[in-house]
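In what follows, every heavy atom counts, from backbone to side chain, and hydrogens, waters and symmetry copies are set aside. Throughout, a chain's letter reflects where its sequence line sits, starting with A, and its residues are numbered from 1.
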Number of protein chains: 2
Amino acid sequence: MPEDKPTRDVSPRAAVARRITELRRAQGFTLSGLASRAGIGKGTLSELEAGTRNPTLETLYALAGPLGVPLTGLVGDGTGHSVPDGVVDARLLTVRTHDDGGTTEVFWLTIAARGTRVSPPHRHGTVEHLRVVRGTACVGPSGAEVLVRAGESSSWPADTGHTYAARDGSAQGVLTIETPPGGP
Amino acid sequence: MPEDKPTRDVSPRAAVARRITELRRAQGFTLSGLASRAGIGKGTLSELEAGTRNPTLETLYALAGPLGVPLTGLVGDGTGHSVPDGVVDARLLTVRTHDDGGTTEVFWLTIAARGTRVSPPHRHGTVEHLRVVRGTACVGPSGAEVLVRAGESSSWPADTGHTYAARDGSAQGVLTIETPPGGP
DNA sequence: CAGAAGCGTTCTGTATACGGAACGGCAAGC
DNA sequence: GCTTGCCGTTCCGTATACAGAACGCTTCTG
(Lines give C-alpha, C1' and ligand atoms only; values in the text may rest on other atoms or scores of the structure.)
Protein backbone atom coordinates (compact mmCIF):
# COMPACT_ATOMS: atom_id res chain seq x y z
CA MET A 1 0.00 0.00 0.00
CA PRO A 2 1.06 3.47 -0.54
CA GLU A 3 3.50 5.08 1.70
CA ASP A 4 4.68 2.04 3.51
CA LYS A 5 8.36 1.78 4.08
CA PRO A 6 10.02 -1.38 3.01
CA THR A 7 11.44 -3.69 5.51
CA ARG A 8 15.06 -2.71 5.48
CA ASP A 9 16.90 -5.50 3.84
CA VAL A 10 20.44 -6.50 3.32
CA SER A 11 22.03 -5.16 0.23
CA PRO A 12 20.22 -6.52 -2.77
CA ARG A 13 23.60 -7.35 -4.25
CA ALA A 14 24.19 -10.26 -1.96
CA ALA A 15 20.76 -11.75 -2.60
CA VAL A 16 21.06 -11.46 -6.35
CA ALA A 17 24.61 -12.77 -6.30
CA ARG A 18 23.60 -15.84 -4.38
CA ARG A 19 20.63 -16.44 -6.59
CA ILE A 20 22.64 -16.27 -9.78
CA THR A 21 25.22 -18.68 -8.47
CA GLU A 22 22.51 -21.11 -7.40
CA LEU A 23 20.77 -20.98 -10.72
CA ARG A 24 23.99 -21.30 -12.66
CA ARG A 25 24.98 -24.40 -10.72
CA ALA A 26 21.49 -25.82 -11.08
CA GLN A 27 21.81 -25.49 -14.84
CA GLY A 28 25.23 -27.06 -14.76
CA PHE A 29 26.89 -24.05 -16.29
CA THR A 30 30.40 -22.90 -15.57
CA LEU A 31 30.95 -19.26 -14.89
CA SER A 32 32.68 -18.81 -18.22
CA GLY A 33 30.01 -20.76 -20.02
CA LEU A 34 27.19 -18.72 -18.62
CA ALA A 35 29.00 -15.50 -19.37
CA SER A 36 29.43 -16.38 -23.02
CA ARG A 37 25.85 -17.62 -23.35
CA ALA A 38 24.58 -14.42 -21.82
CA GLY A 39 26.92 -12.37 -23.96
CA ILE A 40 28.57 -10.65 -21.03
CA GLY A 41 32.17 -10.58 -19.89
CA LYS A 42 33.16 -13.34 -17.57
CA GLY A 43 34.96 -10.85 -15.39
CA THR A 44 31.67 -9.08 -14.99
CA LEU A 45 29.93 -12.25 -13.94
CA SER A 46 32.71 -13.22 -11.58
CA GLU A 47 32.52 -9.98 -9.65
CA LEU A 48 28.76 -10.05 -9.83
CA GLU A 49 28.61 -13.43 -8.13
CA ALA A 50 31.13 -12.24 -5.60
CA GLY A 51 28.77 -9.43 -4.72
CA THR A 52 31.30 -6.73 -5.50
CA ARG A 53 29.39 -5.32 -8.46
CA ASN A 54 26.16 -3.43 -8.82
CA PRO A 55 24.72 -4.90 -12.00
CA THR A 56 22.62 -2.95 -14.45
CA LEU A 57 19.16 -3.99 -15.51
CA GLU A 58 20.39 -5.11 -18.91
CA THR A 59 23.09 -7.29 -17.43
CA LEU A 60 20.51 -9.03 -15.28
CA TYR A 61 18.21 -9.39 -18.24
CA ALA A 62 20.99 -10.94 -20.29
CA LEU A 63 21.55 -13.50 -17.57
CA ALA A 64 17.89 -14.34 -17.05
CA GLY A 65 17.59 -15.87 -20.52
CA PRO A 66 20.23 -18.60 -20.31
CA LEU A 67 19.28 -19.26 -16.70
CA GLY A 68 15.76 -19.97 -17.85
CA VAL A 69 14.00 -17.64 -15.46
CA PRO A 70 12.14 -14.38 -15.83
CA LEU A 71 13.78 -11.28 -14.51
CA THR A 72 11.79 -11.58 -11.33
CA GLY A 73 13.45 -14.92 -10.74
CA LEU A 74 16.74 -13.15 -10.26
CA VAL A 75 15.72 -10.29 -8.06
CA GLY A 76 12.72 -11.71 -6.29
CA ASP A 77 12.28 -13.53 -3.10
CA GLY A 78 8.93 -14.39 -4.58
CA THR A 79 6.98 -12.87 -1.80
CA GLY A 80 5.11 -9.66 -1.70
CA HIS A 81 5.82 -6.69 0.39
CA SER A 82 5.32 -6.84 4.11
CA VAL A 83 4.22 -3.87 6.08
CA PRO A 84 6.34 -3.39 9.17
CA ASP A 85 3.60 -2.31 11.55
CA GLY A 86 2.75 -5.91 12.26
CA VAL A 87 -0.94 -5.34 11.76
CA VAL A 88 -1.49 -5.29 8.03
CA ASP A 89 0.38 -7.42 5.54
CA ALA A 90 -0.35 -6.35 1.98
CA ARG A 91 1.01 -8.33 -0.94
CA LEU A 92 0.83 -6.60 -4.24
CA LEU A 93 -0.66 -8.89 -6.86
CA THR A 94 -0.80 -6.54 -9.81
CA VAL A 95 -0.86 -2.93 -10.89
CA ARG A 96 -2.91 -1.94 -13.94
CA THR A 97 -2.79 1.39 -15.67
CA HIS A 98 -5.79 2.25 -17.78
CA ASP A 99 -6.14 4.19 -21.00
CA ASP A 100 -7.47 7.17 -19.13
CA GLY A 101 -4.42 7.28 -16.87
CA GLY A 102 -6.12 5.86 -13.79
CA THR A 103 -4.57 2.89 -12.05
CA THR A 104 -5.82 -0.14 -10.17
CA GLU A 105 -3.74 -1.99 -7.61
CA VAL A 106 -4.77 -5.37 -6.27
CA PHE A 107 -3.43 -6.72 -2.97
CA TRP A 108 -3.84 -9.83 -0.93
CA LEU A 109 -4.46 -8.46 2.52
CA THR A 110 -3.91 -10.10 5.89
CA ILE A 111 -4.97 -8.21 9.00
CA ALA A 112 -3.53 -9.45 12.28
CA ALA A 113 -5.77 -10.52 15.13
CA ARG A 114 -5.03 -7.47 17.17
CA GLY A 115 -3.99 -3.93 16.51
CA THR A 116 -5.24 -1.21 14.24
CA ARG A 117 -3.58 0.33 11.28
CA VAL A 118 -4.36 3.89 10.30
CA SER A 119 -3.54 4.75 6.72
CA PRO A 120 -3.14 8.38 5.69
CA PRO A 121 -5.32 9.84 2.91
CA HIS A 122 -4.55 8.99 -0.68
CA ARG A 123 -5.15 11.27 -3.58
CA HIS A 124 -8.60 12.76 -4.02
CA GLY A 125 -10.91 10.38 -5.79
CA THR A 126 -9.10 7.24 -4.72
CA VAL A 127 -11.43 4.42 -3.77
CA GLU A 128 -10.61 1.24 -1.90
CA HIS A 129 -12.61 -1.95 -2.01
CA LEU A 130 -12.18 -4.93 0.27
CA ARG A 131 -13.57 -8.38 -0.24
CA VAL A 132 -13.20 -10.38 2.94
CA VAL A 133 -12.51 -14.06 2.49
CA ARG A 134 -11.72 -15.28 5.99
CA GLY A 135 -12.38 -13.69 9.35
CA THR A 136 -14.05 -10.37 10.03
CA ALA A 137 -12.57 -6.98 9.24
CA CYS A 138 -13.41 -3.56 10.57
CA VAL A 139 -12.39 -1.08 7.91
CA GLY A 140 -13.29 2.24 6.38
CA PRO A 141 -12.79 5.96 6.84
CA SER A 142 -11.69 6.67 10.38
CA GLY A 143 -14.80 7.21 12.46
CA ALA A 144 -17.03 5.45 9.96
CA GLU A 145 -15.60 1.95 9.92
CA VAL A 146 -17.88 -0.91 9.11
CA LEU A 147 -17.74 -4.59 9.91
CA VAL A 148 -17.14 -6.81 6.93
CA ARG A 149 -17.53 -10.55 7.42
CA ALA A 150 -16.20 -13.36 5.29
CA GLY A 151 -18.08 -13.39 2.01
CA GLU A 152 -18.93 -9.72 2.23
CA SER A 153 -17.27 -6.69 0.78
CA SER A 154 -17.17 -2.99 1.29
CA SER A 155 -15.77 0.03 -0.48
CA TRP A 156 -14.96 3.50 0.77
CA PRO A 157 -13.33 6.71 -0.37
CA ALA A 158 -9.66 6.63 0.57
CA ASP A 159 -8.97 10.32 0.30
CA THR A 160 -9.38 10.68 4.03
CA GLY A 161 -7.61 8.77 6.75
CA HIS A 162 -8.87 5.21 7.01
CA THR A 163 -8.27 2.27 9.29
CA TYR A 164 -7.87 -1.48 9.12
CA ALA A 165 -8.49 -3.89 11.96
CA ALA A 166 -9.70 -7.44 12.45
CA ARG A 167 -12.30 -8.81 14.86
CA ASP A 168 -12.20 -12.16 16.60
CA GLY A 169 -8.96 -13.37 15.07
CA SER A 170 -7.17 -12.39 11.92
CA ALA A 171 -8.80 -11.60 8.61
CA GLN A 172 -7.86 -12.05 4.99
CA GLY A 173 -9.19 -10.64 1.79
CA VAL A 174 -8.63 -8.96 -1.53
CA LEU A 175 -8.02 -5.23 -1.47
CA THR A 176 -8.46 -3.17 -4.61
CA ILE A 177 -7.23 0.42 -4.73
CA GLU A 178 -8.46 2.53 -7.60
CA THR A 179 -6.64 5.76 -8.28
CA PRO A 180 -8.32 8.20 -10.65
CA PRO A 181 -6.66 9.74 -13.72
CA GLY A 182 -4.78 12.96 -13.40
CA GLY A 183 -1.31 13.21 -12.09
CA PRO A 184 -0.21 14.85 -8.89
CA MET B 1 27.63 -19.99 -29.95
CA PRO B 2 26.44 -16.83 -28.60
CA GLU B 3 23.27 -18.70 -29.14
CA ASP B 4 20.86 -16.06 -28.41
CA LYS B 5 21.12 -12.67 -29.49
CA PRO B 6 17.60 -13.50 -28.69
CA THR B 7 14.61 -12.66 -30.67
CA ARG B 8 14.86 -9.13 -29.66
CA ASP B 9 12.49 -8.84 -26.81
CA VAL B 10 11.32 -5.42 -26.01
CA SER B 11 14.08 -3.82 -24.03
CA PRO B 12 13.52 -4.34 -20.35
CA ARG B 13 14.21 -0.65 -20.00
CA ALA B 14 10.92 0.36 -21.50
CA ALA B 15 8.94 -2.00 -19.31
CA VAL B 16 10.65 -0.90 -16.13
CA ALA B 17 10.37 2.73 -17.14
CA ARG B 18 6.65 2.45 -17.66
CA ARG B 19 6.19 0.58 -14.46
CA ILE B 20 8.02 3.13 -12.37
CA THR B 21 5.99 5.94 -13.85
CA GLU B 22 2.76 4.07 -13.17
CA LEU B 23 3.65 3.36 -9.59
CA ARG B 24 4.89 6.86 -8.98
CA ARG B 25 1.67 8.37 -10.22
CA ALA B 26 -0.39 5.85 -8.30
CA GLN B 27 1.34 7.04 -5.14
CA GLY B 28 0.75 10.64 -6.07
CA PHE B 29 4.46 11.43 -6.06
CA THR B 30 6.09 13.96 -8.32
CA LEU B 31 9.26 12.98 -10.10
CA SER B 32 11.30 15.27 -7.88
CA GLY B 33 9.56 14.04 -4.77
CA LEU B 34 10.18 10.41 -5.52
CA ALA B 35 13.81 11.07 -6.40
CA SER B 36 14.45 12.74 -3.07
CA ARG B 37 12.58 10.08 -1.12
CA ALA B 38 14.59 7.40 -2.85
CA GLY B 39 17.80 9.33 -2.37
CA ILE B 40 18.65 9.41 -6.06
CA GLY B 41 19.18 12.32 -8.44
CA LYS B 42 16.10 13.58 -10.13
CA GLY B 43 17.95 13.74 -13.40
CA THR B 44 18.59 10.05 -13.00
CA LEU B 45 14.93 9.34 -12.44
CA SER B 46 13.88 11.55 -15.33
CA GLU B 47 16.03 9.70 -17.81
CA LEU B 48 15.11 6.41 -16.25
CA GLU B 49 11.41 7.03 -16.80
CA ALA B 50 12.17 8.19 -20.30
CA GLY B 51 13.76 4.83 -20.95
CA THR B 52 17.11 6.30 -21.91
CA ARG B 53 18.98 4.85 -18.94
CA ASN B 54 20.01 1.40 -17.93
CA PRO B 55 19.51 1.49 -14.17
CA THR B 56 21.63 -0.44 -11.74
CA LEU B 57 20.22 -2.88 -9.23
CA GLU B 58 20.78 -0.48 -6.38
CA THR B 59 18.97 2.34 -8.12
CA LEU B 60 15.98 0.08 -8.62
CA TYR B 61 16.14 -1.05 -5.04
CA ALA B 62 16.23 2.53 -3.82
CA LEU B 63 13.07 3.24 -5.80
CA ALA B 64 11.21 0.14 -4.68
CA GLY B 65 11.09 1.35 -1.09
CA PRO B 66 9.22 4.63 -1.52
CA LEU B 67 7.04 3.06 -4.18
CA GLY B 68 5.95 0.48 -1.65
CA VAL B 69 6.65 -2.55 -3.78
CA PRO B 70 9.22 -5.32 -3.69
CA LEU B 71 11.91 -5.30 -6.30
CA THR B 72 9.89 -7.75 -8.35
CA GLY B 73 7.14 -5.18 -8.52
CA LEU B 74 9.44 -3.05 -10.65
CA VAL B 75 10.85 -5.65 -12.98
CA GLY B 76 7.90 -8.04 -13.20
CA ASP B 77 5.39 -7.99 -15.96
CA GLY B 78 2.74 -8.33 -13.32
CA THR B 79 0.76 -10.85 -15.26
CA GLY B 80 -0.08 -14.34 -14.29
CA HIS B 81 -1.17 -17.28 -16.33
CA SER B 82 -3.79 -16.54 -18.84
CA VAL B 83 -6.85 -18.53 -19.77
CA PRO B 84 -8.17 -16.81 -22.87
CA ASP B 85 -11.08 -18.06 -24.92
CA GLY B 86 -11.71 -15.05 -27.09
CA VAL B 87 -14.24 -13.50 -24.80
CA VAL B 88 -12.88 -13.70 -21.31
CA ASP B 89 -9.22 -13.33 -20.47
CA ALA B 90 -8.57 -14.35 -16.88
CA ARG B 91 -5.10 -13.85 -15.46
CA LEU B 92 -4.49 -15.72 -12.30
CA LEU B 93 -2.94 -13.43 -9.71
CA THR B 94 -2.80 -15.75 -6.75
CA VAL B 95 -4.25 -18.91 -5.23
CA ARG B 96 -4.62 -19.17 -1.48
CA THR B 97 -5.42 -22.33 0.39
CA HIS B 98 -6.85 -21.78 3.84
CA ASP B 99 -6.52 -23.71 7.05
CA ASP B 100 -9.97 -25.19 6.61
CA GLY B 101 -9.10 -26.53 3.17
CA GLY B 102 -11.03 -23.94 1.22
CA THR B 103 -9.27 -22.01 -1.50
CA THR B 104 -9.46 -18.52 -2.92
CA GLU B 105 -8.37 -17.66 -6.42
CA VAL B 106 -7.91 -14.08 -7.58
CA PHE B 107 -7.95 -13.16 -11.26
CA TRP B 108 -7.58 -10.04 -13.30
CA LEU B 109 -10.48 -10.32 -15.70
CA THR B 110 -10.90 -8.74 -19.11
CA ILE B 111 -14.18 -9.28 -20.94
CA ALA B 112 -14.16 -8.54 -24.66
CA ALA B 113 -16.57 -6.02 -26.15
CA ARG B 114 -18.69 -8.65 -27.77
CA GLY B 115 -19.47 -12.24 -27.12
CA THR B 116 -20.68 -14.19 -24.12
CA ARG B 117 -18.93 -16.82 -22.13
CA VAL B 118 -20.91 -19.47 -20.36
CA SER B 119 -19.05 -21.12 -17.55
CA PRO B 120 -20.11 -24.54 -16.28
CA PRO B 121 -21.08 -25.00 -12.64
CA HIS B 122 -18.33 -25.25 -10.07
CA ARG B 123 -18.51 -27.29 -6.94
CA HIS B 124 -21.42 -26.74 -4.60
CA GLY B 125 -20.81 -23.79 -2.35
CA THR B 126 -18.43 -22.01 -4.69
CA VAL B 127 -18.97 -18.28 -4.78
CA GLU B 128 -17.65 -15.79 -7.32
CA HIS B 129 -17.26 -12.10 -6.73
CA LEU B 130 -16.52 -9.50 -9.37
CA ARG B 131 -15.35 -5.97 -8.78
CA VAL B 132 -15.64 -4.00 -12.01
CA VAL B 133 -12.99 -1.38 -12.55
CA ARG B 134 -13.56 -0.24 -16.13
CA GLY B 135 -16.54 -0.69 -18.44
CA THR B 136 -19.77 -2.48 -17.64
CA ALA B 137 -20.17 -6.19 -17.15
CA CYS B 138 -23.23 -8.38 -17.31
CA VAL B 139 -22.55 -11.39 -15.14
CA GLY B 140 -24.18 -13.90 -12.87
CA PRO B 141 -26.05 -17.20 -12.91
CA SER B 142 -27.47 -17.83 -16.36
CA GLY B 143 -30.92 -16.31 -16.49
CA ALA B 144 -30.25 -14.04 -13.53
CA GLU B 145 -27.38 -11.91 -14.78
CA VAL B 146 -27.01 -8.43 -13.42
CA LEU B 147 -25.33 -5.32 -14.76
CA VAL B 148 -22.23 -4.27 -12.87
CA ARG B 149 -20.75 -0.88 -13.69
CA ALA B 150 -17.30 0.45 -12.98
CA GLY B 151 -16.92 0.95 -9.27
CA GLU B 152 -19.57 -1.60 -8.43
CA SER B 153 -19.30 -5.23 -7.53
CA SER B 154 -21.45 -8.29 -7.40
CA SER B 155 -21.22 -11.80 -6.12
CA TRP B 156 -23.16 -14.91 -7.05
CA PRO B 157 -23.21 -18.62 -6.37
CA ALA B 158 -21.15 -20.38 -9.00
CA ASP B 159 -22.52 -23.86 -8.50
CA THR B 160 -24.85 -23.35 -11.43
CA GLY B 161 -23.96 -22.30 -14.96
CA HIS B 162 -23.06 -18.63 -15.12
CA THR B 163 -22.21 -16.17 -17.85
CA TYR B 164 -19.84 -13.30 -18.48
CA ALA B 165 -20.39 -10.54 -21.01
CA ALA B 166 -19.56 -6.87 -21.41
CA ARG B 167 -21.82 -3.98 -22.38
CA ASP B 168 -20.83 -0.98 -24.46
CA GLY B 169 -17.21 -1.94 -24.98
CA SER B 170 -14.93 -4.17 -23.00
CA ALA B 171 -14.82 -4.46 -19.25
CA GLN B 172 -12.13 -5.15 -16.69
CA GLY B 173 -12.19 -6.09 -13.08
CA VAL B 174 -11.04 -8.30 -10.26
CA LEU B 175 -12.64 -11.71 -10.01
CA THR B 176 -12.46 -13.70 -6.79
CA ILE B 177 -13.49 -17.35 -6.75
CA GLU B 178 -14.01 -18.92 -3.36
CA THR B 179 -14.16 -22.67 -3.19
CA PRO B 180 -15.36 -24.26 0.04
CA PRO B 181 -13.48 -26.99 1.92
CA GLY B 182 -13.97 -30.58 0.95
CA GLY B 183 -12.00 -31.87 -1.98
CA PRO B 184 -13.10 -33.92 -4.98
C1' DC C 1 2.82 42.45 -14.39
C1' DA C 2 7.12 40.81 -11.62
C1' DG C 3 8.69 37.48 -8.56
C1' DA C 4 8.75 33.03 -6.34
C1' DA C 5 8.05 28.21 -6.10
C1' DG C 6 7.63 23.96 -8.11
C1' DC C 7 7.91 20.87 -11.89
C1' DG C 8 10.57 17.85 -15.41
C1' DT C 9 14.57 18.04 -18.65
C1' DT C 10 19.29 18.72 -20.01
C1' DC C 11 24.02 19.48 -18.97
C1' DT C 12 28.64 18.28 -16.56
C1' DG C 13 32.26 16.14 -13.86
C1' DT C 14 33.11 11.96 -11.41
C1' DA C 15 32.60 7.24 -10.06
C1' DT C 16 32.02 2.83 -11.71
C1' DA C 17 30.05 -1.16 -14.69
C1' DC C 18 31.34 -2.92 -18.75
C1' DG C 19 34.10 -6.31 -22.13
C1' DG C 20 38.29 -8.18 -22.84
C1' DA C 21 43.07 -9.25 -21.81
C1' DA C 22 46.24 -11.06 -18.68
C1' DC C 23 46.98 -13.97 -14.84
C1' DG C 24 47.40 -18.05 -11.54
C1' DG C 25 45.44 -22.69 -10.35
C1' DC C 26 44.25 -27.30 -11.31
C1' DA C 27 43.75 -31.54 -14.12
C1' DA C 28 44.63 -34.62 -18.00
C1' DG C 29 47.86 -36.12 -22.05
C1' DC C 30 52.11 -36.32 -24.59
C1' DG D 1 58.67 -32.79 -16.30
C1' DC D 2 56.39 -29.60 -19.99
C1' DT D 3 52.47 -28.65 -22.54
C1' DT D 4 47.39 -28.00 -23.46
C1' DG D 5 42.88 -26.72 -21.88
C1' DC D 6 39.56 -24.81 -19.11
C1' DC D 7 38.53 -22.84 -14.82
C1' DG D 8 37.71 -18.48 -11.90
C1' DT D 9 40.03 -14.02 -10.61
C1' DT D 10 42.20 -9.63 -11.27
C1' DC D 11 43.60 -5.85 -14.05
C1' DC D 12 42.74 -2.03 -17.62
C1' DG D 13 40.77 1.40 -20.91
C1' DT D 14 36.36 2.94 -22.28
C1' DA D 15 31.53 3.76 -22.00
C1' DT D 16 28.07 5.26 -19.14
C1' DA D 17 25.14 5.65 -14.68
C1' DC D 18 25.35 8.58 -11.16
C1' DA D 19 24.39 13.23 -8.20
C1' DG D 20 23.83 17.75 -8.59
C1' DA D 21 23.67 22.17 -11.03
C1' DA D 22 21.61 24.87 -14.45
C1' DC D 23 17.84 25.52 -17.36
C1' DG D 24 13.05 26.37 -19.36
C1' DC D 25 8.44 25.92 -18.33
C1' DT D 26 4.04 26.43 -15.79
C1' DT D 27 1.35 27.97 -11.89
C1' DC D 28 0.53 30.66 -8.15
C1' DT D 29 0.65 35.29 -5.44
C1' DG D 30 1.16 39.92 -4.49
Side-chain angles (χ1 to χ4, degrees), chain A residues 2 11-67 71 74-75 97 101 103 123-124 179-184, chain B residues 1-6 8-9 11-67 71 74-75:
Chain A
S11 158
R13 287 190 198 188
V16 170
R18 186 159 30 81
R19 192 130 184 85
I20 289 175
T21 305
E22 283 171 10
L23 285 166
R24 173 169 67 79
R25 298 235 153 95
Q27 302 281 334
F29 290 151
T30 65
L31 189 149
S32 310
L34 175 58
S36 76
R37 279 163 209 265
I40 69 174
K42 66 176 178 174
T44 298
L45 181 54
S46 173
E47 293 182 343
L48 208 168
E49 289 192 8
T52 62
R53 279 255 194 128
N54 175 20
T56 63
L57 178 64
E58 291 185 350
T59 297
L60 294 173
Y61 185 75
L63 287 166
L67 289 175
L71 206 35
L74 293 185
V75 302
T97 299
T103 62
R123 206 170 66 225
H124 178 70
T179 306
Chain B
M1 24 248 63
E3 50 82 41
D4 47 315
K5 201 4 186 340
R8 181 151 287 293
D9 269 355
S11 159
R13 288 190 197 187
V16 170
R18 186 160 30 81
R19 206 146 173 78
I20 290 175
T21 307
E22 284 171 11
L23 284 165
R24 174 170 66 78
R25 293 219 218 275
Q27 305 282 340
F29 290 155
T30 65
L31 189 150
S32 311
L34 174 58
S36 74
R37 279 163 209 262
I40 70 174
K42 65 176 178 174
T44 298
L45 181 55
S46 173
E47 293 182 343
L48 209 168
E49 288 194 8
T52 61
R53 280 262 192 119
N54 175 20
T56 62
L57 178 64
E58 292 186 349
T59 297
L60 293 174
Y61 184 76
L63 286 167
L67 288 175
L71 210 34
L74 294 185
V75 303

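When each of B/Lys42 and B/Leu45 is assigned the nucleotide of DNA chain D bearing its nearest heavy atom, the one mapping closer to the 5' terminus is B/Leu45.
In this model, the phosphate group of D/dC7 is approached by a side-chain N or O of A/Thr30 to a distance below 4.0 Å at OP1 or OP2. A close approach under 4.0 Å does not occur between any side-chain nitrogen or oxygen of A/Arg24 and OP1 or OP2 of D/dC7. Taking side-chain N and O atoms only, B/Thr56 has a distance below 4.0 Å to OP1 or OP2 of D/dC18. Phosphate contact (OP1/OP2 of D/dG8, side-chain N/O of A/Ser46, threshold under 4.0 Å): absent. The phosphate of C/dG8 (OP1 or OP2) has a side-chain N or O of B/Ser32 nearer than 4.0 angstrom.
Side chain to side chain, B/Thr21 and B/Glu49 meet the donor-acceptor criterion of an N or O pair below 3.5 Å.
For the pair B/Leu63 and B/Leu48, the minimum side-chain heavy-atom distance is below 4.5 Å.
How far OG1 of B/Thr59 is from CD1 of B/Ile40: 6.0 Å, rounded to the nearest 0.5 Å. Taking NZ from B/Lys42 and CG from B/Leu34, the interatomic distance works out to 12.5 Å, rounded to the nearest 0.5 Å. Here the CG atom belonging to B/Leu67 is positioned 7.0 Å from the CD1 atom belonging to B/Ile20, to the nearest 0.5 angstrom.
When rounded to the nearest whole Å, the span between CZ of A/Arg53 and P of D/dT16 equals 15 Å. One can place CD1 of B/Ile40 at 13 Å from P of C/dG8, the figure rounded to the nearest angstrom. Summarising the geometry, the separation between CG on B/Leu48 and C1' on D/dA19 is reported as 14 Å, rounded to the nearest angstrom. Atom P of nucleotide C/dA17 and atom CD of B/Glu58 are separated by 8 Å, given to the nearest angstrom. With rounding to whole Å, B/Glu47 atom CD is found 13 Å from D/dT16 atom P. Between the CZ atom of A/Arg25 and the C1' atom of D/dC7 there is a distance of 12 Å, given to the nearest Å. Straight-line distance from the CG atom of B/Leu31 to the P atom of C/dC7: 10 Å, rounded to whole Å. Taking atom CG on B/Leu57 and atom P on C/dC18, their separation rounds to 10 Å, with Å as the unit.
Heavy atoms of A/Gly33 sit nowhere under 4.0 angstrom from any nucleic acid atom.
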